[in-house]
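Structure first, commentary second.
Reckoned from all heavy atoms, side chains included, excluding hydrogens, waters and symmetry mates. In what follows, residues are counted from 1 in the order of the sequence shown.
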Amino acid sequence: MKVHDVIDENFEELALLESLDMGSPITRTQSFRKFVLQGIMYFASQTMNCMGQTIPNSLPGRFTTMTLKAPVGVVGGIIPWNGPLMSQWWVIGAALATGCTAVIKPAEDASLTVLRTAELLIQAGVPEGVVNVVTGLGSEAGAALAAHPGVDRIAFTGSTATGREIIKASAVNMKRLQLELGGKSPDVIFADADLDKAVPGAAMAVFSNTGQVCYAGTRLFVQRSIQEAFVERLVEFGKSLKVGDPLDPSTQLGPLISERQLERVMGYVSIGGNEGASLAAGGNRLQGDLAGGYFIEPTIFSNVSNSMTIAREEIFGPVISVIPFDDADEALRLANDTEYGLGGAVWTSSVKTMTKMMHGIKAGTVWVNCYGLVDPAVGFGGYKHSGYGWKGGPQHVEGFLYQKSVCINED
Ligand code: NAI
Ligand code: MG
């Protein structure tokens with residue numbers, strides 16, 4: 001709870017550092033105050049929830065049997081660059097709640113928020129050595145942490161490819177793993193949806209943070225009868241977004257994190273065109289005052305087929321692929337035709353359609369008539385190649401604990 005207060009007092013500075021370091025708009029980073037603080041309070045509350053059970057037994061004689069919980073030990077937290085201000089707390093919060101220690105390896109592209117947070121933890125009274133930060137490249141510092149025999153658990157968020165490397169490295173000492181990996185989440189709009197909500201909802205499900213969000217709703221399935229009108233409104237919404245200097249309070253979308261990421265995203269834009277998708281909006285790097293930065297227009301492809309590369313691979317940029325469908329059966333089949341399973345959404349006014357999609361979409365989170373909301377007490381996780389190990393909720397905290405059974409001979 002002291003950590004909560006110190007982070008609250010210093011949040012403006014942390015938000016500014018995050019915007020400077022990774023380019024997310026200042027109004028966006030400032031808006032995370034409540035989520036971060038509630039997350040810290042949630043983990044603080046979980047310190048009182050780390051308990052075992054006394055369990056009756058059928059052993060021959062007089063025995064008391066129970067279970068105890070113990071910290072798993074040293075947790076390595078490998079954090080991506082798309083939002084360390086928030087994502088570091090999944091590791092720090094749970095480590096502090098369970099009595100573990102942590103070694104955090106922030107991404108080489110965005111380490112400042114994590115470094116400053118570590119200083120603030122000391123200020124809040126967390127003993128030195130409990131939360132440690134090691135900066136460096138993934139292939140060096142990250143790989144060393146993943147392979148280190150003194151590390152008992154890795155909590156990783158990032159690409160599926162790196163997740164696979166971490167699984168291999170973990171074999172050396174049977175490290176416990178929590179992996180939150182890539183996504184290609186389906187966002188399904190039915191003709192009976194409230195389109196005044198669905199248009200901005202579906203647009204920001206991808207454009208938010210310039211598309212650099214693990215559960216971005218990048219495959220936008222739109223019922224064929226409304227496809228044309230929907231795309232028109234989506235384009236209009238995309239064009240209304242102000243892309244620019246992250247420190248300008250009127251900016252809605254900042255740049256991509258790096259030149260490498262810009263090249264990746266632009267590469268996918270040209271693949272989309274080459275594979276026959278129609279470019280309905282955007283697709284260009286911004287010129288003029290913004291030419292020196294990694295700015296790209298909000299981009300919308302329509303008439304995409306689910307088998308195209310832009311519908312199969314995680315782009316991690318502001319690129320929407322609109323894929324038409326006819327009915328709920330087809331929408332579900334296409335939505336699940338992916339190797340990922342992180343998020344998904346349905347927009348409809350029909351309970352029947354909603355429940356069909358809610359049960360049918362193979363993903364760790366399904367949003368209904370909204371997108372991207374996450375609560376620390378509810379949590380989220382992945383199906384398939386999007387990883388395993390729930391983030392948030394009591395299961396998250398469980399992952400930082402060993403369970404031990406105790407058998408006491410009373411005679
Ligand atoms: P990445 O998964 O390689 O990097 C994430 C973190 O892992 C960073 O801290 C990095 O230093 C570390 N890392 C890299 N290689 C490692 C290794 N061998 N062992 C241990 N740690 C390692 O992601 P990257 O290369 O920055 O971005 C590439 C693509 O990955 C993006 O375009 C995006 O599609 C995806 N990505 C997905 C994220 C998500 O939240 N789902 C977050 C970041 C990237
Ligand atoms: Mg990488």
Side-chain angles (χ1 to χ4, degrees), residues 77-84 86-88 90-91 94 107 138 142 146 153-170 175-188 202 205-206 208-209 211-221 261 264 268 306-317 319-321 323 331-346 357-368 370-376 378-393 395-396 398-399:
I78 301 176
I79 315 276
W81 40 261
N82 57 332
M86 281 198 291
S87 63
Q88 61 181 334
W90 297 113
V91 184
R153 177 179 177 81
I154 293 283
F156 171 74
T157 303
S159 65
T160 296
T162 300
R164 281 202 182 86
E165 292 305 310
I166 287 172
I167 293 171
K168 285 185 215 152
S170 73
K175 279 186 191 68
R176 273 61 186 163
L177 296 181
Q178 177 189 45
L179 305 171
E180 196 230 302
L181 309 175
K184 197 73 200 173
S185 300
D187 191 4
V188 187
V206 180
S208 179
N209 208 29
Q212 302 164 118
V213 175
C214 49
Y215 45 70
T218 47
R219 289 184 303 138
L220 182 56
F221 296 99
Q261 198 60 21
R264 278 177 73 100
Y268 279 113
N306 198 51
S307 58
M308 289 179 187
T309 306
I310 54 169
R312 304 218 70 86
E313 297 182 10
E314 186 174 58
I315 299 176
F316 236 57
V319 182
I320 298 181
S321 295
I323 306 169
L332 202 49
R333 184 177 56 75
L334 292 171
N336 288 332
D337 179 12
T338 171
E339 65 186 24
Y340 294 114
L342 199 53
V346 53
M357 303 305 285
M358 173 187 86
H359 290 296
I361 292 177
K362 294 192 171 84
T365 298
V366 177
W367 288 285
V368 179
C370 60
Y371 204 97
L373 287 95
V374 169
D375 186 273
V378 182
F380 68 109
Y383 276 39
K384 303 192 271 184
H385 297 197
S386 293
Y388 46 73
W390 198 250
K391 245 181 181 173
Q395 296 104 308
H396 179 111
E398 279 291 312

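- A side-chain donor-acceptor contact under 3.5 Å links H396 to the backbone of W90.
- The shortest non-hydrogen separation linking I154 to K175 is CG1-CD, 3.6 Å.
- Between V206 and L220 the shortest side-chain heavy-atom distance does not fall below 4.5 Å.
- When all heavy atoms are compared, the tightest approach of S386 to G341 is OG-N, 2.8 Å.
- Separating the CZ atom in F156 from the CD1 atom in I79 is a distance of 10.0 Å, to the nearest 0.5 Å.
- One distance of note links CD1 of I361 with CG of L332; it measures 6.5 Å at 0.5 Å rounding.
- Taking OG1 of T160 as the start and CD of E339 as the end, the distance is 7.0 Å to the nearest 0.5 Å.
- The CZ atom of R219 lies 8.0 Å from the NZ atom of K184; values are rounded to the nearest 0.5 Å.
- No donor-acceptor distance shorter than 3.5 angstrom exists from the side chain of W390 to the backbone of Q178, with no hydrogens or angles considered.
- By the 30° and 60° cut-offs, the orientation of the rings of F380 relative to Y215 is perpendicular.
- Rounding to the nearest 0.5 Å places CD1 of I315 at 7.0 Å from OH of Y268.
- Between A216 and G211, the shortest heavy-atom contact is CB-O, 4.5 Å.
- Of the charged side-chain nitrogens involved, none lies within less than 4.0 Å of a carboxylate oxygen, so that K362 and D337 do not count as a salt-bridged pair.
- Side-chain atoms of Q261 come within 3.5 Å of backbone N or O of F316 as a donor-acceptor pair.
- The OG atom of S185 sits 8.5 Å away from the CD atom of E314 when rounded to the nearest 0.5 Å.
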Show, in sequence, the C-alpha distance, side-chain angles and deciding distance for L177 and Y388, and conclude whether the side chain to side chain contact (heavy atoms under 4.5 Å, CB included) test is met. CA-CA 8 Å; L177 296 181; Y388 46 73; 3.7 Å; yes

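- In plain terms, the two heavy atoms of A335 and T338 that are nearest each other are O-CG2, 3.4 Å.
- In terms of modelled atom types and a separation under 3.5 Å, the side chain of N336 and the main chain of G360 share a donor-acceptor contact.
- In this structure, the side chain of S321 does not engage the main chain of A311 through any donor-acceptor pair within 3.5 Å.
- Put simply, the side chain of Y371 gets close to the backbone of G217: a donor and an acceptor are under 3.5 Å apart.
- Heavy atoms only, all atoms of each residue included: W367 and G343 are closest at CZ3-CA, 4.2 Å.
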Given I166 and L179, is the side chain to side chain contact (heavy atoms under 4.5 Å, CB included) satisfied, shown in steps? CA-CA 9 Å; I166 287 172; L179 305 171; 4.1 Å; yes

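- The two residues E180 and C214 make their nearest non-hydrogen contact at OE2-SG, 2.8 Å.
- Looking at V374 and K391, their side chains never come closer than 4.5 Å, going by heavy atoms from C-beta outward.
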